[in-house]
2 protein chains.
Amino acid sequence: MKAEQDIFHKFLAQKDLRDTPQRELILDVFLKREEHVSAEQLYDIIKKRDPSIGQATVYRNLKLLSEAGLAREVDFGDGVTRYEHNYNHPHHDHLVCRGCGKMVEVVDSVIEELQKRVAEQYGFVLTDHALYLYGNCAECRKGHRSG
Amino acid sequence: MKAEQDIFHKFLAQKDLRDTPQRELILDVFLKREEHVSAEQLYDIIKKRDPSIGQATVYRNLKLLSEAGLAREVDFGDGVTRYEHNYNHPHHDHLVCRGCGKMVEVVDSVIEELQKRVAEQYGFVLTDHALYLYGNCAECRKGHRSG
DNA sequence: TTGCTAATGATTATCATTATCAATAGTAAA
DNA sequence: TTTACTATTGATAATGATAATCATTAGCAA
Ligand SMILES: [Mn+2]
Ligand SMILES: [Mn+2]
Ligand SMILES: [Zn+2]
Ligand SMILES: [Zn+2]
(Lines give C-alpha, C1' and ligand atoms only; values in the text may rest on other atoms or scores of the structure.)
(Ligands and ions follow the chains in the order given, each with its own letter.)
Protein backbone atom coordinates (compact mmCIF):
# COMPACT_ATOMS: atom_id res chain seq x y z
CA MET A 1 0.00 0.00 0.00
CA LYS A 2 1.35 3.37 -0.99
CA ALA A 3 2.12 5.85 1.73
CA GLU A 4 -0.19 8.34 0.02
CA GLN A 5 -3.11 5.95 0.18
CA ASP A 6 -2.41 5.34 3.81
CA ILE A 7 -2.42 9.06 4.49
CA PHE A 8 -5.65 9.46 2.59
CA HIS A 9 -7.41 6.69 4.47
CA LYS A 10 -6.34 8.11 7.79
CA PHE A 11 -7.50 11.53 6.70
CA LEU A 12 -10.91 10.19 5.74
CA ALA A 13 -11.30 8.25 8.96
CA GLN A 14 -10.33 11.20 11.07
CA LYS A 15 -12.77 13.50 9.29
CA ASP A 16 -15.61 10.97 9.30
CA LEU A 17 -15.55 10.78 5.55
CA ARG A 18 -16.22 7.64 3.60
CA ASP A 19 -13.97 5.58 1.48
CA THR A 20 -15.50 5.26 -1.98
CA PRO A 21 -14.32 3.69 -5.22
CA GLN A 22 -14.47 7.12 -6.87
CA ARG A 23 -12.10 8.53 -4.29
CA GLU A 24 -9.71 5.65 -4.72
CA LEU A 25 -9.79 6.08 -8.46
CA ILE A 26 -9.21 9.82 -8.39
CA LEU A 27 -6.31 9.44 -6.00
CA ASP A 28 -4.81 6.68 -8.10
CA VAL A 29 -5.01 8.62 -11.35
CA PHE A 30 -3.73 11.79 -9.69
CA LEU A 31 -0.71 10.01 -8.23
CA LYS A 32 0.22 8.51 -11.58
CA ARG A 33 0.67 11.93 -13.20
CA GLU A 34 3.72 13.89 -12.32
CA GLU A 35 2.65 17.09 -14.15
CA HIS A 36 0.49 19.97 -13.07
CA VAL A 37 -3.00 18.87 -13.98
CA SER A 38 -6.39 20.57 -14.01
CA ALA A 39 -9.63 19.05 -12.74
CA GLU A 40 -10.87 18.95 -16.30
CA GLN A 41 -7.82 17.08 -17.56
CA LEU A 42 -8.03 14.61 -14.73
CA TYR A 43 -11.72 14.12 -15.41
CA ASP A 44 -10.99 13.22 -19.02
CA ILE A 45 -8.46 10.62 -17.95
CA ILE A 46 -10.63 9.18 -15.22
CA LYS A 47 -13.66 8.85 -17.50
CA LYS A 48 -11.76 6.22 -19.44
CA ARG A 49 -11.59 4.04 -16.38
CA ASP A 50 -15.04 4.83 -15.06
CA PRO A 51 -17.29 6.45 -17.65
CA SER A 52 -20.04 6.91 -15.09
CA ILE A 53 -18.07 9.24 -12.85
CA GLY A 54 -19.35 12.79 -12.52
CA GLN A 55 -17.13 15.74 -13.09
CA ALA A 56 -18.34 17.40 -9.89
CA THR A 57 -16.93 14.42 -8.03
CA VAL A 58 -13.52 15.09 -9.52
CA TYR A 59 -13.65 18.77 -8.58
CA ARG A 60 -14.81 17.93 -5.08
CA ASN A 61 -12.21 15.32 -4.40
CA LEU A 62 -9.28 17.26 -5.73
CA LYS A 63 -10.06 19.82 -3.07
CA LEU A 64 -10.18 17.00 -0.59
CA LEU A 65 -6.78 15.73 -1.65
CA SER A 66 -5.47 19.23 -1.06
CA GLU A 67 -6.94 19.28 2.42
CA ALA A 68 -5.34 15.94 3.08
CA GLY A 69 -1.98 17.40 2.15
CA LEU A 70 -1.54 15.12 -0.85
CA ALA A 71 -2.18 17.75 -3.52
CA ARG A 72 -1.39 21.42 -3.80
CA GLU A 73 -3.21 23.98 -5.89
CA VAL A 74 -1.21 25.89 -8.47
CA ASP A 75 -2.47 29.11 -10.06
CA PHE A 76 -0.70 30.16 -13.23
CA GLY A 77 -3.06 33.06 -13.67
CA ASP A 78 -4.92 31.68 -16.68
CA GLY A 79 -8.12 31.10 -14.78
CA VAL A 80 -7.60 27.37 -14.37
CA THR A 81 -6.59 25.78 -11.09
CA ARG A 82 -4.05 23.04 -11.48
CA TYR A 83 -2.94 20.45 -8.96
CA GLU A 84 0.47 19.04 -8.25
CA HIS A 85 1.78 16.41 -5.84
CA ASN A 86 2.39 17.66 -2.35
CA TYR A 87 3.66 14.52 -0.68
CA ASN A 88 7.42 14.13 -0.90
CA HIS A 89 7.42 17.12 -3.24
CA PRO A 90 8.81 19.98 -1.18
CA HIS A 91 7.85 23.58 -1.76
CA HIS A 92 9.06 25.18 -4.95
CA ASP A 93 8.22 28.08 -7.22
CA HIS A 94 7.63 28.18 -10.96
CA LEU A 95 9.55 29.70 -13.81
CA VAL A 96 7.38 29.93 -16.90
CA CYS A 97 8.27 30.78 -20.50
CA ARG A 98 5.92 33.34 -22.02
CA GLY A 99 6.75 32.03 -25.48
CA CYS A 100 6.23 28.28 -25.32
CA GLY A 101 4.81 27.75 -21.86
CA LYS A 102 7.75 25.63 -20.73
CA MET A 103 7.76 25.35 -16.98
CA VAL A 104 10.66 24.83 -14.61
CA GLU A 105 10.34 24.21 -10.90
CA VAL A 106 12.83 26.28 -8.95
CA VAL A 107 13.67 27.07 -5.39
CA ASP A 108 16.10 29.51 -3.85
CA SER A 109 16.51 29.30 -0.11
CA VAL A 110 17.85 32.84 0.08
CA ILE A 111 14.73 34.22 -1.59
CA GLU A 112 12.58 32.16 0.74
CA GLU A 113 14.41 33.53 3.76
CA LEU A 114 14.26 37.13 2.56
CA GLN A 115 10.52 36.84 2.06
CA LYS A 116 10.12 35.91 5.70
CA ARG A 117 12.29 38.84 6.64
CA VAL A 118 10.27 41.33 4.59
CA ALA A 119 7.02 40.10 6.11
CA GLU A 120 8.45 40.47 9.61
CA GLN A 121 9.38 44.06 8.88
CA TYR A 122 5.69 44.78 8.62
CA GLY A 123 4.71 42.76 11.66
CA PHE A 124 3.44 39.85 9.60
CA VAL A 125 4.14 36.19 10.18
CA LEU A 126 4.41 34.56 6.80
CA THR A 127 2.30 31.47 6.22
CA ASP A 128 2.84 30.94 2.52
CA HIS A 129 3.54 32.71 -0.72
CA ALA A 130 3.07 32.54 -4.45
CA LEU A 131 6.01 33.32 -6.69
CA TYR A 132 5.81 32.98 -10.44
CA LEU A 133 8.72 34.04 -12.61
CA TYR A 134 7.87 34.83 -16.22
CA GLY A 135 10.36 35.19 -19.02
CA ASN A 136 11.63 33.74 -22.26
CA CYS A 137 13.54 30.52 -22.46
CA ALA A 138 16.72 30.08 -24.50
CA GLU A 139 15.00 28.30 -27.39
CA CYS A 140 12.26 30.87 -27.70
CA ARG A 141 14.79 33.68 -27.80
CA LYS A 142 16.74 31.92 -30.54
CA GLY A 143 13.72 31.18 -32.69
CA HIS A 144 12.16 34.49 -31.66
CA ARG A 145 8.92 32.68 -31.04
CA SER A 146 8.22 35.27 -28.37
CA GLY A 147 7.23 38.93 -28.17
CA MET B 1 -3.36 68.80 -18.11
CA LYS B 2 -2.18 65.81 -16.16
CA ALA B 3 0.82 63.90 -17.41
CA GLU B 4 -1.31 60.75 -17.44
CA GLN B 5 -3.86 62.32 -19.73
CA ASP B 6 -1.13 63.47 -22.00
CA ILE B 7 0.27 59.95 -22.16
CA PHE B 8 -3.16 58.54 -22.85
CA HIS B 9 -3.87 60.98 -25.68
CA LYS B 10 -0.55 60.23 -27.28
CA PHE B 11 -1.21 56.52 -26.94
CA LEU B 12 -4.60 56.86 -28.61
CA ALA B 13 -3.23 58.96 -31.46
CA GLN B 14 -0.38 56.59 -32.08
CA LYS B 15 -2.69 53.58 -32.16
CA ASP B 16 -5.34 55.27 -34.29
CA LEU B 17 -7.84 55.06 -31.51
CA ARG B 18 -10.43 57.68 -30.80
CA ASP B 19 -10.78 60.05 -27.94
CA THR B 20 -14.23 59.59 -26.42
CA PRO B 21 -15.92 61.08 -23.37
CA GLN B 22 -16.22 57.58 -21.91
CA ARG B 23 -12.48 57.09 -22.12
CA GLU B 24 -11.80 60.43 -20.51
CA LEU B 25 -14.23 59.63 -17.73
CA ILE B 26 -12.83 56.19 -17.04
CA LEU B 27 -9.29 57.54 -16.92
CA ASP B 28 -10.33 60.35 -14.63
CA VAL B 29 -12.12 58.11 -12.15
CA PHE B 30 -9.32 55.55 -12.24
CA LEU B 31 -6.69 58.17 -11.49
CA LYS B 32 -8.62 59.50 -8.52
CA ARG B 33 -8.49 56.16 -6.68
CA GLU B 34 -5.26 55.13 -5.13
CA GLU B 35 -6.40 51.59 -4.18
CA HIS B 36 -6.46 48.37 -6.14
CA VAL B 37 -9.80 48.48 -7.86
CA SER B 38 -11.77 45.98 -9.93
CA ALA B 39 -13.62 46.74 -13.16
CA GLU B 40 -16.87 46.17 -11.34
CA GLN B 41 -16.02 48.62 -8.57
CA LEU B 42 -14.94 51.23 -11.05
CA TYR B 43 -18.11 50.69 -13.05
CA ASP B 44 -20.22 51.38 -9.96
CA ILE B 45 -18.38 54.63 -9.34
CA ILE B 46 -18.49 55.73 -12.95
CA LYS B 47 -22.21 55.06 -13.27
CA LYS B 48 -22.85 57.87 -10.82
CA ARG B 49 -21.25 60.34 -13.22
CA ASP B 50 -22.61 58.82 -16.41
CA PRO B 51 -25.47 56.42 -15.81
CA SER B 52 -25.62 55.54 -19.48
CA ILE B 53 -22.15 54.03 -19.61
CA GLY B 54 -21.95 50.32 -20.35
CA GLN B 55 -19.96 47.99 -18.18
CA ALA B 56 -18.29 46.41 -21.20
CA THR B 57 -16.85 49.83 -21.95
CA VAL B 58 -15.25 49.91 -18.52
CA TYR B 59 -13.77 46.43 -18.95
CA ARG B 60 -12.49 47.30 -22.42
CA ASN B 61 -10.89 50.54 -21.44
CA LEU B 62 -9.20 49.28 -18.32
CA LYS B 63 -7.35 46.89 -20.58
CA LEU B 64 -6.52 49.82 -22.78
CA LEU B 65 -5.14 51.79 -19.85
CA SER B 66 -2.92 48.82 -19.09
CA GLU B 67 -1.66 48.75 -22.65
CA ALA B 68 -0.95 52.45 -22.40
CA GLY B 69 1.17 51.80 -19.33
CA LEU B 70 -1.09 53.78 -17.03
CA ALA B 71 -2.62 50.83 -15.23
CA ARG B 72 -1.31 47.47 -14.12
CA GLU B 73 -3.32 44.32 -13.53
CA VAL B 74 -3.13 42.73 -10.10
CA ASP B 75 -4.25 39.16 -9.45
CA PHE B 76 -4.81 38.26 -5.82
CA GLY B 77 -6.03 34.84 -6.79
CA ASP B 78 -9.68 35.39 -5.92
CA GLY B 79 -10.85 35.32 -9.52
CA VAL B 80 -11.15 39.09 -9.82
CA THR B 81 -8.66 41.21 -11.73
CA ARG B 82 -7.84 44.46 -10.02
CA TYR B 83 -6.06 47.48 -11.41
CA GLU B 84 -3.54 49.77 -9.82
CA HIS B 85 -1.72 52.88 -10.98
CA ASN B 86 1.35 52.18 -13.06
CA TYR B 87 2.54 55.72 -13.77
CA ASN B 88 4.94 57.00 -11.13
CA HIS B 89 4.16 53.89 -9.12
CA PRO B 90 7.22 51.68 -9.47
CA HIS B 91 7.07 47.93 -9.30
CA HIS B 92 6.26 46.38 -5.95
CA ASP B 93 4.90 43.16 -4.54
CA HIS B 94 2.06 42.54 -2.12
CA LEU B 95 1.94 41.28 1.41
CA VAL B 96 -1.56 40.20 2.33
CA CYS B 97 -3.05 39.25 5.69
CA ARG B 98 -5.06 36.04 5.57
CA GLY B 99 -7.05 37.16 8.58
CA CYS B 100 -8.31 40.64 7.75
CA GLY B 101 -7.20 41.13 4.17
CA LYS B 102 -4.92 44.02 5.00
CA MET B 103 -2.52 44.68 2.18
CA VAL B 104 0.96 46.17 2.26
CA GLU B 105 3.00 47.04 -0.79
CA VAL B 106 6.57 45.89 -0.41
CA VAL B 107 9.71 45.71 -2.43
CA ASP B 108 13.09 44.13 -1.76
CA SER B 109 15.78 44.82 -4.30
CA VAL B 110 17.77 41.78 -3.22
CA ILE B 111 14.83 39.48 -3.89
CA GLU B 112 14.30 41.14 -7.25
CA GLU B 113 17.92 40.59 -8.15
CA LEU B 114 17.95 36.98 -7.00
CA GLN B 115 14.91 36.23 -9.12
CA LYS B 116 16.76 37.39 -12.19
CA ARG B 117 19.69 35.23 -11.19
CA VAL B 118 17.54 32.11 -10.74
CA ALA B 119 15.92 32.61 -14.13
CA GLU B 120 19.31 32.97 -15.77
CA GLN B 121 20.43 29.68 -14.27
CA TYR B 122 17.82 28.02 -16.44
CA GLY B 123 18.59 30.04 -19.54
CA PHE B 124 15.59 32.29 -19.12
CA VAL B 125 15.49 36.05 -19.47
CA LEU B 126 13.06 37.34 -16.88
CA THR B 127 10.38 39.69 -18.16
CA ASP B 128 8.20 39.97 -15.08
CA HIS B 129 7.04 38.13 -12.01
CA ALA B 130 4.22 37.80 -9.55
CA LEU B 131 5.03 37.59 -5.87
CA TYR B 132 2.35 37.49 -3.24
CA LEU B 133 3.27 37.02 0.40
CA TYR B 134 0.50 35.69 2.64
CA GLY B 135 0.53 35.72 6.38
CA ASN B 136 -1.04 37.13 9.51
CA CYS B 137 -0.66 40.70 10.60
CA ALA B 138 0.15 41.74 14.15
CA GLU B 139 -3.41 42.73 15.03
CA CYS B 140 -4.89 39.53 13.72
CA ARG B 141 -2.44 37.52 15.76
CA LYS B 142 -3.30 39.46 18.91
CA GLY B 143 -7.04 39.17 18.45
CA HIS B 144 -6.57 35.67 17.06
CA ARG B 145 -8.91 36.58 14.26
CA SER B 146 -6.91 34.20 12.09
CA GLY B 147 -6.42 30.45 11.74
C1' DT C 1 -30.13 -6.25 7.98
C1' DT C 2 -31.05 -1.86 9.25
C1' DG C 3 -30.60 3.02 9.76
C1' DC C 4 -28.14 6.99 9.47
C1' DT C 5 -25.99 10.12 6.77
C1' DA C 6 -22.16 11.07 3.49
C1' DA C 7 -21.31 10.86 -1.41
C1' DT C 8 -22.47 10.80 -6.00
C1' DG C 9 -23.99 12.37 -10.63
C1' DA C 10 -26.98 15.20 -13.28
C1' DT C 11 -28.21 19.47 -13.65
C1' DT C 12 -28.56 24.20 -12.86
C1' DA C 13 -26.58 28.35 -11.12
C1' DT C 14 -22.66 31.74 -10.47
C1' DC C 15 -19.66 35.08 -11.64
C1' DA C 16 -16.20 37.49 -14.02
C1' DT C 17 -15.14 38.38 -18.35
C1' DT C 18 -15.61 38.31 -23.55
C1' DA C 19 -18.01 38.19 -27.95
C1' DT C 20 -21.58 39.90 -30.88
C1' DC C 21 -23.83 43.33 -33.28
C1' DA C 22 -26.71 47.10 -34.50
C1' DA C 23 -26.63 51.92 -33.48
C1' DT C 24 -23.76 55.91 -32.66
C1' DA C 25 -20.23 59.13 -33.03
C1' DG C 26 -15.06 60.67 -33.82
C1' DT C 27 -12.33 62.36 -37.45
C1' DA C 28 -10.32 63.68 -41.63
C1' DA C 29 -11.06 64.75 -46.31
C1' DA C 30 -13.92 67.03 -49.61
C1' DT D 1 -20.10 71.98 -43.05
C1' DT D 2 -21.24 67.77 -45.02
C1' DT D 3 -19.76 63.30 -46.03
C1' DA D 4 -17.79 58.93 -45.56
C1' DC D 5 -15.31 55.83 -43.15
C1' DT D 6 -14.72 53.08 -39.39
C1' DA D 7 -13.84 52.87 -34.29
C1' DT D 8 -16.65 52.78 -30.28
C1' DT D 9 -20.38 52.09 -27.61
C1' DG D 10 -24.13 49.74 -24.90
C1' DA D 11 -27.24 45.95 -24.56
C1' DT D 12 -27.23 41.44 -24.44
C1' DA D 13 -25.91 36.78 -25.08
C1' DA D 14 -22.15 33.65 -24.65
C1' DT D 15 -18.21 31.53 -22.26
C1' DG D 16 -15.83 28.74 -19.12
C1' DA D 17 -14.42 27.27 -14.74
C1' DT D 18 -16.27 26.06 -10.66
C1' DA D 19 -19.98 25.77 -7.01
C1' DA D 20 -24.65 24.76 -5.39
C1' DT D 21 -28.70 21.85 -5.43
C1' DC D 22 -31.00 17.75 -4.83
C1' DA D 23 -32.88 13.27 -5.48
C1' DT D 24 -30.79 8.84 -5.46
C1' DT D 25 -27.27 5.70 -4.02
C1' DA D 26 -24.26 3.52 -1.01
C1' DG D 27 -20.58 3.33 3.12
C1' DC D 28 -20.45 1.61 7.54
C1' DA D 29 -21.37 0.94 12.39
C1' DA D 30 -24.70 -1.10 15.40
MN1 LIG E 1 5.28 22.54 -9.40
MN1 LIG F 1 -0.03 47.51 -5.41
ZN1 LIG G 1 10.04 29.02 -24.43
ZN1 LIG H 1 -4.83 41.03 9.59
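A, B, ... follow the sequence lines: proteins, then strands. Residue 1 opens every chain. Hydrogens, waters and symmetry mates are skipped; everything else that's a heavy atom, side chains included, is used.
Within the 4.0 angstrom heavy-atom criterion, only backbone atoms of the sugar-phosphate kind lie near A:S52; the bases stay farther away. In this structure, A:T81 reaches the sugar-phosphate backbone alone: every heavy-atom distance under 4.0 Å involves primed, P, OP1 or OP2 atoms, never a base. Backbone-only contact: B:N61 has heavy atoms under 4.0 Å from sugar-phosphate atoms and none from a base. Heavy atoms of B:K15 sit nowhere under 4.0 angstrom from any nucleic acid atom.
Phosphate proximity of C:dG9 to A:Q22: present, with a side-chain N or O under 4.0 Å from OP1 or OP2. Within the 4.0 Å cut-off from OP1 or OP2 of D:dG27, not a single side-chain nitrogen or oxygen of A:T20 is found.
Ranked by how close their nearest DNA chain D nucleotide is to the 5' end, B:A56 and B:L12 are led by B:L12. Each of A:L64 and B:R82 lies near DNA chain C, and the nucleotide nearest A:L64 is the one positioned closer to the 5' end.
Taking atom OH of B:Y43 as the reference point, atom P of D:dA11 lies 7 Å away to the nearest angstrom. A straight line from CD of A:Q41 to C1' of D:dA17 spans 13 Å, rounded to a whole angstrom. In this entry the distance linking CG of A:D75 with C1' of D:dA17 reads 12 Å, nearest Å. Atom NE2 of B:H9 is separated from atom C1' of C:dG26 by 13 Å (rounded to the nearest Å). Spacing between atom CG of A:D50 and atom P of D:dA26 amounts to 12 Å, rounded to whole angstrom units. Taking atom NZ of residue B:K63 and atom P of nucleotide C:dA16, one finds them 16 Å apart after rounding to whole Å. Atom CG of A:L17 and atom P of C:dC4 are 20 Å apart (whole Å). Atom-to-atom, CD of A:E40 to C1' of D:dA19 comes out at 14 Å; the value is rounded to the nearest Å.
A:E24 and A:H9 form a side-chain donor-acceptor contact under 3.5 Å, judged by distance and modelled atom types alone. There is a side-chain donor-acceptor pair under 3.5 Å between A:H92 and A:E84.
Closest to the A:P21 side chain, of the nucleotides D:dT18, C:dT17, D:dG27, is D:dG27. Listed nucleotides: D:dT18, C:dT18, D:dT9. Nearest to the side chain of A:Y59: D:dT18. When distances are taken from the side chain of B:R23 to each of C:dG9, D:dT8, D:dG10, the shortest belongs to D:dT8.
Of the possible polar contacts, none joining the B:D75 side chain to the B:T81 backbone as a donor-acceptor pair under 3.5 Å is found. Looking only at distances, no side-chain donor or acceptor of B:S38 sits under 3.5 Å from a matching main-chain atom of B:V80.
Of all non-hydrogen atoms in A:L27 and A:E4, the two that sit nearest each other are CD2-O, 4.4 Å.
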**Report entry** Test salt bridge (Lys or Arg N to Asp or Glu O under 4.0 Å) applied to B:D19 and B:R23, step by step
**Finding:** CA-CA 7 Å; B:D19 194 6; B:R23 283 181 173 158; over 6 Å; no

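Taking 3.5 Å as the limit, the base of D:dT6 and the side chain of B:R18 contain a donor-acceptor pair of atoms between them. At a cut-off of 3.5 angstrom, counting only N and O atoms as typed in the model, there is a donor on one side and an acceptor on the other between the side-chain of A:R60 and the base of C:dG9.
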